[in-house]
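Below: the structure, in structure tokens.
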Protein chains: 2
Amino acid sequence: MVASGKTPAKPSPRGRPPKRADQPDLRVRILDAAEDLFARHGFYGVTTRQVAREAGVDVALTHYYFGAKRSLFDEVFLRRAEILNQERLESLDAYEAAHAGRMTPEGAITAFVNPMIERSLSGGAGWKSYFSLVAQVNNTPHWGGETMTRFFDPVVQRLIELLRKAMPEATDTDLYWGYQFLTGAMMLVLAETGRIDLLSNGLCRSGDLDAIRTRLAAYCAAGFRQMVAGHSAPSSIN
Amino acid sequence: MVASGKTPAKPSPRGRPPKRADQPDLRVRILDAAEDLFARHGFYGVTTRQVAREAGVDVALTHYYFGAKRSLFDEVFLRRAEILNQERLESLDAYEAAHAGRMTPEGAITAFVNPMIERSLSGGAGWKSYFSLVAQVNNTPHWGGETMTRFFDPVVQRLIELLRKAMPEATDTDLYWGYQFLTGAMMLVLAETGRIDLLSNGLCRSGDLDAIRTRLAAYCAAGFRQMVAGHSAPSSIN
DNA sequence: GTCTATAACTGGATAGAC
DNA sequence: GTCTATCCAGTTATAGAC
């Protein structure tokens, strides 16, 4: 909710004991614990008591700070969404500013995806949990689609805008479906489910985001192009 | 568990009243209800009482037929997995038999995906629920990756085999990652979360699997090719 | 095979003491 | 702000009547 600026502003040793509503450690510890557990077991798979135990606080405290269980979940979801959305918007803006007139699908997709890969690689365990959580919500019927839309739509619309400029021949229908494929692929890899490790018998590792970074944008950009080309020259390949 | 051959073998009107362990309606009704609810709310989001109520049977019956809640879930998951796996294997076999020596990524992917699209389009509500359920499991950490592997690996390995023949220059690493992107995209669209409807403001509809049929294979096939080409000639495109 | 009844327990949530 | 104690609705699961 609150900006990330003020880091350790503790130069008033005689003032009131730190009481600002957004600083106390407990809020953060509860959020962290909830994030970790929700990511692992989903909303219904976690009890407020588990959250309290993992956070090392009393059960009643979770209600004191966040009210109902559902509000706690919402705050977990919101916390990093705001950070992520800002980073992605900046990344897309920067890309457009530097490449106006000669944008490519690869470039736009990379600008869109990179902030997430960076956070997953260097953001710590909390970000890993967060992406796992978002990946689950992404594939949840009704409620999931609505939630993803509510939290992430502006950035996605911005990406579509850049893709439209990079591929003026593409129809909007193609752009939306192409994005759907992109986000499905991206969310699955960010979830790091361990599936590919088993499938490939250890050759590929879920956590190897560098392998993804070099592949996903190329893969999806080629997909967009092919979809677009397919309309002008419908291939008869079986 | 049991083959799908014997359909309505009821020509013995004077024998014993139908008592075969695999025929009674109740098992099926419970499975159907459970499938629908698990698909909508996930494993922990559903109670055995809800299942019983939706099936129109007593709570105790769910335990009588399936034992613990978890076994019920497993049977739901298994029931259509067997049908689907067989259909996909047959589809892949048929494609290879008809196009040996001149297989394409498009063709192999289409053969892999088509049975699912057909079932989702014409299989009825149960199949829709089932795909929604699988899509959720697909994005579930640890447990999801392990489950998907356990139930679906043979067909996936078969697909990879065909892709390897269609693109001999591709490395296994590329093939596995390419499949990861494919399955992420495919599962998201089969989940029909309504996301694309909201995102596109009604232009695209989640349930429009024909739109997907004509796009997904082309999209992913182009992705595979580009990934492969990227190695021999690393592009400097930003 | 089906249902009644209940055991045994866990869940979210809060009132009120400290 | 924090914890104790508790309410009570709802849970899985089963024993035993029909």
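Numbers restart at 1 for each chain; the letters A, B, ... are given by sequence-line order, proteins then strands.
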Given 3.5 Å as the limit, does a donor-acceptor pair link the side chain of A/Tyr219 with the main chain of B/Gly178, or not? yes
Mutual orientation of the aromatic rings belonging to A/Phe77 and A/Phe152 [parallel < 30°, tilted 30-60°, perpendicular > 60°]: tilted
Length of the CZ-P vector between A/Arg27 and D/dT2, whole Å: 12 Å
Does B/Phe73 have any ring-ring contact (aromatic ring centres under 6.0 Å, His included) partners at least two apart in sequence or in another chain, and if so, which? B/Phe38, B/Phe43, B/Trp143
Using the six-membered ring of A/Phe112, assess whether NZ or CZ of A/Arg88 lies under 6.0 Å from its centre and within 45 degrees of the ring axis. yes
For B/Ile30 and C/dC3, what is the distance between atoms CD1 and C1' respectively, to the nearest whole Å? 13 Å
I'd like to check the side chain to side chain contact (heavy atoms under 4.5 Å, CB included) partners of A/Ser129; sequence neighbours left out, ordered by chain and number. A/Glu35, A/Asp36, A/Ala39
Could you run down nucleotides 4-18 of chain C 5' to 3' and tag each one B, S or - for protein heavy-atom contact under 4.0 Å? B------BBBB----
Does a nitrogen or oxygen in the side chain of A/Tyr65 sit under 4.0 Å from OP1 or OP2 of D/dT2? yes
